[in-house]
Amino acid sequence: MYRKDKFGIIKTSKMSEISSLPLQFLILSFITILSALYVVTSKNPVHSVLALILTFFSISAHYILLNAQFLAIVNLMVYAGAIMVLFLFVLMLLNLSKESEPIKSNLWGIAASIAAGMVLITLTAAFQKSGIAVMPAPSEGIGLVKNLGRVLMTEYLVPFELSGILFISAMVGAVLLGKRDKNSEELVDLNNNNNA
Amino acid sequence: MNPIILILGLPLLGFIINGVLGNKLPKIVVGAIGTAAVLGAFVIAILNWSIISQPENNTINLDLFTFLQIDQLSLKVAFQLDRLSIWMTLIITGIGTLIHLYSISYMKEDEGFYKFFAYLNFFIFNMLLLVLGSNFLMMFFGWEGVGLCSYLLIGFWYKNEDYGKAARKAFIMNRIGDLGLLLGMFLIISQFGSLDYSVVFTQIAAGNTSNSMLTAISLLLFVGATGKSAQIPLFTWLPDAMAGPTPVSALIHAATMVTAGIYLTVRCQVLFALSPLTNEIILWVGLGTAVMAALVGLKQNDIKKVLAYSTVSQLGFMFVALGTGAYTTALFHVTTHAFFKALLFLGAGSVIHGMHHEQDIRHMGGLKSKMPLTHLTFLIGTLAISGFPLLSGFFSKDEILTAVFMHNKVAYALLVGSALLTTIYMFRLYFLTFHGQYRNHHYAFEKVHESPINMTLPLMVLAVLSIVGGALNLPAYLTHSEGFLFNWLKPLFMIPQSIHEIDHSTEYVLIGIAVLIFVTGFLIARNIFVTKATIPAETSTGLGGLLQNKFYVDEFYHKVFVRPLEITSSILHDLFDGLILRAFTFGIFPLLKLIGRLNKKVQNGNLEMYLLYMVIAIVLLLGVNLIFA
Amino acid sequence: MLNVFHNLEISHYIYLSTVLFSIGLFGVLFRRNAIVLLMCIELMLNSVNLLLAAFTEYMGDANANGQMFVFFIMVVAAAEAAVGLAILVMVYRNTRKTDVSFLDQLKD
């Protein structure tokens with residue numbers, strides 16, 4: 001089933017599995033994982049945001065590899081563009097750019113690593129056990145705007161409209177939350193007193 | 001309609017109406033309903049007398065339903081109206097009617113008026129249940145029901161703690177007897193497989209039962225009878241039961257309920273007639289009770305206490321009669337005793353009423369002029385109980401004495417002594433109350449008054465009955481035939497009663513002795529309390545003290561039964577409650593607190609911890625799924 | 001481009017997504033800054049998106065249901081980010097902190 005391509009999988013017997021992977025995938029995956037790691041390990045939240053943007057860019061590249069051109073563009077616009085800018089904006093607004101985060105204890109780090117590792121192992125094991133091995137069955141042009149737009153406007157019309165309503169309510173909610181309430185300060189003081 | 005339904009239903013209806021609506025009705029209506037219900041039952045019983053008296057059809061049966069069906073054993077709610085039942089029914093409802101009428105005035109100012117009548121009606125209902133039941137179970141229901149009513153009525157003035165204690169004492173003492181009765185019933189079930197009178201008695205009469213079994217059953221039933229009928233050793237509750245209102249003492253603790261034991265024995269005549277050992281025990285227990293209670297009665301100063309001990313003593317007489325096998329005589333004495341003892345109690349109640357709740361005879365005296373009707377009727381009652389010739393008590397007591405004379409001479413001598421004591425303490429009571437100087441400084445003599453008509457009317461009716469009651473069973477030497485009651489009950493007894501053949505000369509001697517007893521007793525009492533005008537001292541010493549303190553039976557019971565129980569309880573309290581239970585309850589508290597504290601550690605509000613739990617849970621779920629799927 | 005990943009199996013994308021998801025989870029557990037926390041959640045969402053897109057491709061779904069899901073997840077994620085950040089801003093305004101360790105008033 002293997003087809004030769006211009007990136008060349010040299011089908012010699014000594015080739016390991018990993019080296020037989022396409023170079024683009026390897027590079028992209030490498031960038032993705034590295035930047036993701038940097039997101040969670042960087043002490044400075046601004047660096048985290050920038051690393052996350054890089055991660056999203058590489059994920060968009062993955063989308064293109066996967067024939068999902070529209071998703072790639074949307075991912076860039078919505079995540080890397082809008083949401084991440086929003087994050088950055090909030091960070092700047094709250095003046096949290098400096099390394100203000102208290103360091104967690106090593107113990108907590110170990111616990112978190114073990115938990116995440118366990119999830120990784122469990123999920124991998126689950127996949128192994130399920131025995132999914134689907135070979136590609138290419139369907140050209142499926143990820144194009146034309147195709148997606150048709151599906152979105154026919155089959156997924158109702159969820160699409162509902163997502164609009166969701167956006168409106170999220171917007172209203174965000175505005176309401178962000179608005180400075182005259183009484184809120186006193187209220188919180190009261191709460192603090194109670195807690196004390 | 002079956003008359004039994006009406007006889008039982010009317011008092012029950014009265015109880016329900018008075019109990020539910022009583023506090024909204026005016027007192028006169030409550031009293032009228034209560035009295036009418038009992039009167040109605042009485043009238044219906046009278047109307048059915050002719051049916052019962054026909055030789056071929058002398059039982060009316062009523063089978064309502066099966067109460068319990070266990071394998072072969074079938075316990076029915078069934079009733080029968082036969083010669084014995086109707087006799088008891090007439091006594092209960094007849095005297096009950098008079099006492100209801102009397103109570104309307106006596107309890108006039110009591111706030112629990114409607115409650116009192118409800119209880120009284122309920123008592124009548126239960127008593128009728130006891131005598132009308134056609135099996136031991138129904139009788140037991142009535143037996144327990146009257147015990148309950150007795151408890152409620154003794155403790156009627158429950159705000160007085162002593163009265164409440166007296167009520168409890170009566171209840172507990174009765175329970176001890178009830179246990180015997182219950183065990184007897186179990187034995188009957190195991191032996192005969194039924195509780196129906198007809199089935200059980202037929203089998204006993206057939207003679208297939210072993211003597212030891214009959215003795216065991218009859219002894220256990222007799223234990224029940226000693227509880228309810230206040231015989232040694234369970235008699236101490238009855239004098240204390242005088243804490244209840246006087247009409248209650250008259251109805252329950254003199255005329256009707258306490259004779260339940262006699263009824264039980266007469267009903268089971270075939271059983272007792274075949275157990276000579278039990279009869280002997282009954283005879284001596286009754287004799288002991290008769291003598292002891294009469295002795296104690298000599299030194300009591302409370303008008304009702306004297307009558308109470310007199311009741312215990314007279315019940316002893318009845319059991320003596322039962323012990324000698326003279327069942328008719330016992331029932332005859334039940335009847336006459338119901339008349340004159342109810343009369344005496346109601347008379348005492350009238351005195352108490354007129355003296356504004358004074359009960360101590362040392363503070364009375366000379367009431368003859370102020371209360372002529374009460375005085376006259378009380379005198380008749382006294383004469384009747386003392387055995388004044390030709391009054392009711394004379395005949396019934398004489399029959400008992402004759403029966404005992406034929407049976408055992410020693411017992412006869414003792415019983416004669418008891419009869420003499422009866423005469424003395426009754427006249428002591430009479431003289432101290434109605435003759436001599438008025439001795440109460442707290443309540444002016446001028447204010448002493450005669451009771452209203454609906455209190456004196458029952459007195460007069462009962463006085464007449466006390467005089468002529470003897471006619472119910474006239475002795476053979478007057479009529480040259482057996483008495484009416486004897487013949488009336490004759491078809492009922494499966495084993496014929498022994499007719500004591502006695503030659504006339506002996507009989508006349510016995511009558512002479514009886515009259516002599518009366519005269520002697522009267523003269524002694526008159527000498528002490530009229531001629532010498534002795535007033536009983538506050539406390540007596542020596543023998544008198546012993547009698548005044550009722551032979552210290554209560555104290556004895558207290559030391560032997562109550563104290564050890566209390567000590568055991570307190571040990572258990574300290575040990576079990578104090579150590580073990582306390583350790584449990586107070587140990588669980590810190591444990592829960594610890595669990596709570598641990599839980600609080602988990603539920604610490606820390607978002608990250610919650611996240612961690614969530615991740616762990618997901619891993620676990622997936623892991624389990626992976627391993628076991 | 002198309003023939004590139006005919007040498008790839010779906011399992012590669014599954015491993016990649018799982019690793020990304022675990023990294024995001026580790027971040028959520030490890031970091032205390034609420035904003036970084038939110039970012040880690042976005043990372044986890046994206047790993048899922050990636051997997052959905054991969055499955056769409058490999059299952060040959062003509063209606064692109066998987067990609068539709070990705071689309072809606074993005075919608076929800078955007079809304080969530082907006083509201084979450086608004087909440088954060090308010091929390092910060094009131095407590096001067098974005099550290100989730102201090103947001104433990106739920107326990108009372």
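Throughout, a chain's letter reflects where its sequence line sits, starting with A, and its residues are numbered from 1. Everything numeric in this text was worked out from a predicted model, so none of it was measured.
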Under the side-chain contact (heavy atoms from CB on, under 4.5 Å) rule, collect the residues that match up with A116(A), sequence neighbours excluded.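 Applying side-chain contact (heavy atoms from CB on, under 4.5 Å) to A116(A) gives F26(C).
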
Are the side chains of [X] and [Y] in touch, meaning some heavy atoms are under 4.5 Å apart?
{"X": "L50(C)", "Y": "L66(A)", "answer": "yes"}
{"X": "L88(C)", "Y": "V90(A)", "answer": "no"}
{"X": "L177(A)", "Y": "V89(C)", "answer": "no"}
{"X": "L86(A)", "Y": "L85(C)", "answer": "yes"}
{"X": "F71(C)", "Y": "L152(A)", "answer": "yes"}
{"X": "L65(A)", "Y": "E57(C)", "answer": "no"}
{"X": "R93(C)", "Y": "L94(A)", "answer": "no"}

Please state whether the side chain, the backbone, both or neither of L52(A) comes within less than 4.5 Å of a heavy atom of chain C.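 The side chain, not the backbone.
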
Checking [X] against chain A: side chain, backbone, both or neither under 4.5 Å from a heavy atom?
{"X": "L16(C)", "result": "side chain"}
{"X": "I14(C)", "result": "side chain"}
{"X": "L37(C)", "result": "neither"}
{"X": "L52(C)", "result": "neither"}

Minimum heavy-atom distance [X]-[Y], with the two atoms named:
{"X": "A112(A)", "Y": "L29(C)", "result": "CB-CB, 3.7 Å"}
{"X": "S163(A)", "Y": "V75(C)", "result": "CB-CG1, 3.5 Å"}
{"X": "A79(C)", "Y": "A170(A)", "result": "CB-CB, 3.6 Å"}
{"X": "K43(A)", "Y": "R31(C)", "result": "O-NH2, 3.9 Å"}
{"X": "M39(C)", "Y": "V39(A)", "result": "CE-CG1, 4.3 Å"}
{"X": "N75(A)", "Y": "M74(C)", "result": "OD1-CE, 3.4 Å"}

Among the listed options V49(A), T55(A), V78(A), the residue most often paired with chain C at heavy-atom distances under 4.5 Å: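 If we count pairs closer than 4.5 Å to chain C, V49(A) comes out on top.
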
Check the orientation of F25(A) and Y13(C). Use parallel for under 30°, tilted for 30 to 60°, and perpendicular for over 60°.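 Ring orientation of F25(A) relative to Y13(C): perpendicular.
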
Counterpart residues, side-chain hydrogen bond (donor to acceptor under 3.5 Å, both in side chains), relative to Y92(C) (two or more places apart): none

